[in-house]
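Notes follow the structure.
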Number of protein chains: 2
Amino acid sequence: MLSKNKNVSDYKSTKQRNKIIQVLQNAEKPLTAEEIYMLVKDELPSVVISTIYRNMEALKSIIVKTVYNDGKARYEFTKEKHTHNLICLKCKKSIVIEKCPFEAMEKNLSEQNSFEILEHKLEIYGHCKDCRRIKE
Amino acid sequence: MLSKNKNVSDYKSTKQRNKIIQVLQNAEKPLTAEEIYMLVKDELPSVVISTIYRNMEALKSIIVKTVYNDGKARYEFTKEKHTHNLICLKCKKSIVIEKCPFEAMEKNLSEQNSFEILEHKLEIYGHCKDCRRIKE
DNA sequence: GTGCTTGCAAAGAGTTTGCACCGTC
DNA sequence: GACGGTGCAAACTCTTTGCAAGCAC
């Protein structure tokens, strides 16, 4: 599994791969392998979950993997624009924040700590507008 | 395993528990269960890793669990003061950021999205001062 | 003594991998 | 036709759980 500097167009187009990409494009939140699997399975009943995992690996260059605190990885397309999400703890929906709240601090932080910042991960958890109305 | 509003002092003090707490206190970074296990094992060779996991659960109220992108959970004491870390991708050391870069944005973000923010997770990855000097 | 805690073994969940067949280019 | 992709089954890693014995209070 060595990276050979491939880009996406080097890969074969299969019906599984195409459907996986379509599922991710239509997703309104990052999806778990299981979720992608179920959605792909709707149209291609014979897929197995290892095909999902192998494609996540193959499409690595255009997909971001984030492991949440429940131990499950979520996958989504890399945004052209760097964004973060407000993640609802009840309905699990996620709201995209266009402006990265962290950006402004990054330079200072980097200088103050002599630390070369390469990437960061910010997830914000709470209750969305809809779920705040529901008394638990 | 229902929470009965216990606090830490409700729990029995065992040599395993005490050693685990000591290990976490001396840690300079959040530790995996495996790392805690190995350190505890040095003094109590008979411990098993399930004891570590069960104590992480028991001490939940004073410990924060964070799952990194490698799929492994890390545990550390909850800081009185909310902090974040600069995590070095080479040596894995982590540098504490006292001032939360996110705090200032929180109120605005919450209002703009009608989202009740309950918690957030911010991890910053890069290379620390020491590791920047080393050519890979 | 009671009930939480531990050690041990086995089970679970999520993810990865070996292998033979299949499909794309 | 070559080679990457897929289905299937088994393996692996991290974490959780049932049970009986042990230990703290």
Side-chain angles (χ1 to χ4, degrees), chain A residues 1-24 30-75 92, chain B residues 1-23 30-75:
Chain A
M1 293 290 149
L2 296 173
S3 157
K4 290 167 187 170
N5 260 26
K6 298 222 162 194
N7 70 56
V8 188
S9 56
D10 291 328
Y11 289 104
K12 288 183 184 171
S13 153
T14 64
K15 50 187 186 331
Q16 293 84 343
R17 187 108 87 206
N18 296 338
K19 184 63 191 168
I20 288 171
I21 290 173
Q22 188 195 320
V23 161
L24 284 174
L31 300 178
T32 62
E34 178 73 20
E35 288 167 338
I36 299 169
Y37 171 60
M38 295 311 269
L39 289 166
V40 172
K41 208 179 163 88
D42 281 345
E43 282 185 30
L44 301 170
S46 70
V47 265
V48 293
I49 200 157
S50 53
T51 294
I52 310 297
Y53 283 112
R54 278 195 269 232
N55 273 287
M56 295 304 102
E57 178 65 26
L59 299 171
K60 220 203 215 54
S61 61
I62 53 166
I63 281 177
V64 188
K65 168 182 172 179
T66 311
V67 181
Y68 284 21
N69 260 7
D70 63 5
K72 295 184 201 166
R74 263 77 173 175
Y75 304 91
K92 309 293 179 196
Chain B
M1 293 290 153
L2 296 173
S3 157
K4 290 170 187 167
N5 260 25
K6 299 221 164 193
N7 71 55
V8 189
S9 55
D10 291 329
Y11 289 104
K12 288 182 182 171
S13 154
T14 64
K15 51 188 189 327
Q16 292 85 343
R17 188 107 88 208
N18 296 338
K19 184 63 190 167
I20 289 171
I21 290 172
Q22 188 195 319
V23 162
L31 300 178
T32 62
E34 179 73 20
E35 288 166 337
I36 299 169
Y37 171 61
M38 295 311 269
L39 289 166
V40 172
K41 209 179 162 89
D42 281 346
E43 282 187 29
L44 302 170
S46 69
V47 266
V48 292
I49 200 157
S50 53
T51 294
I52 311 298
Y53 283 113
R54 278 196 270 234
N55 273 287
M56 295 304 103
E57 177 67 24
L59 300 171
K60 217 203 215 57
S61 60
I62 53 165
I63 281 177
V64 188
K65 168 184 172 177
T66 311
V67 180
Y68 283 22
N69 260 7
D70 64 4
K72 295 185 204 168
R74 263 76 172 177
Y75 305 91

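What's counted below: heavy atoms across the whole structure, side chains too, no hydrogens, waters or symmetry copies. Below, chain A is the first sequence line, B the second, and so on; all start at residue 1.
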**OP:** Can you tell me the distance, in whole Å, between the CD atom of Glu57(A) and the P atom of dT6(D)?
**Re:** 13 Å

**OP:** Taking side-chain hydrogen bond (donor to acceptor under 3.5 Å, both in side chains) as the test, write out the residues that go with Thr66(B), two or more places apart.
**Re:** none

Subject >> Residue list, side-chain contact (heavy atoms from CB on, under 4.5 Å) with Glu43(A), at least two apart or on another chain >> reply: Lys19(A)

Original post:
Within this structure, what is the CG-to-P distance between Asp70(A) and dT16(D), rounded to whole angstrom?
Top reply: 12 Å

Subject >> Sole residue of Ile36(B), Ile52(B), Leu31(B) in side chain to side chain contact (heavy atoms under 4.5 Å, CB included) with Tyr75(B) >> reply: Ile36(B)

Subject >> Any residue of residues 37-53 of chain B with a heavy atom less than 4.0 Å from an atom of DNA chain C >> reply: Ser46(B), Val47(B), Val48(B), Ser50(B), Thr51(B)

Original post:
Quick one: Ile36(B) CD1 to dC14(D) P, roughly how many Å, whole number?
Top reply: 14 Å

Original post:
With the sugar-phosphate defined as primed atoms, P, OP1 and OP2, and the base as all remaining atoms, what B/S/- string results for nucleotides 20-25 of chain D, 5' to 3', for protein heavy atoms under 4.0 Å?
Top reply: ----BS

Original post:
Can you tell me how far the CG atom of Asn69(A) sits from the OH atom of Tyr68(B), to the nearest 0.5 Å?
Top reply: 10.5 Å

Original post:
salt bridge (charged side-chain N to carboxylate O under 4.0 Å, His left out) with Lys60(A): which residues, sequence neighbours excluded?
Top reply: Glu57(A)

**OP:** Take Arg17(A) and Ala33(B), find for each the nucleotide of DNA chain D with the closest heavy atom, and name the residue whose nucleotide sits nearer the 5' end.
**Re:** Arg17(A)

Original post:
Which atoms form the tightest heavy-atom contact between Gln16(B) and Val47(B), and what is the distance?
Top reply: CG-CG1, 3.6 Å

**OP:** Scan Ala73(B) against the nucleic acid and name what it touches under 4.0 Å (heavy atoms): base, sugar-phosphate only, or nothing.
**Re:** sugar-phosphate

Original post:
Which heavy atom of Ser13(B) sits nearest a heavy atom of Asn18(B), and at what distance?
Top reply: OG-ND2, 3.0 Å

Original post:
Would you say dG23(C) has OP1 or OP2 under 4.0 Å from some side-chain N or O of Gln16(A)?
Top reply: no

Original post:
For the pair made of NZ in Lys65(A) and P in dT15(C), what is the distance, rounded to whole Å?
Top reply: 7 Å

Original post:
Between atom CG in Leu59(A) and atom P in dG5(D), what is the gap in whole Å?
Top reply: 9 Å

Subject >> Any pair counted as salt bridge (charged side-chain N to carboxylate O under 4.0 Å, His left out), so long as it reaches residues 61-72 of chain A, sequence neighbours left out >> reply: Asp70(A)-Arg74(A)

**OP:** Quickly work out the Asn69(A) CG to dC14(D) C1' distance and round it to whole Å.
**Re:** 15 Å

Original post:
What is the distance from CG of Asn55(B) to C1' of dG7(C), rounded to the nearest Å?
Top reply: 13 Å

Original post:
Taking CZ from Arg54(A) and P from dG7(D), how many angstroms apart are they, rounded to a whole number?
Top reply: 9 Å

Original post:
salt bridge (charged side-chain N to carboxylate O under 4.0 Å, His left out): which pairs involve residues 31-42 of chain A, sequence neighbours left out?
Top reply: Lys29(A)-Glu35(A)

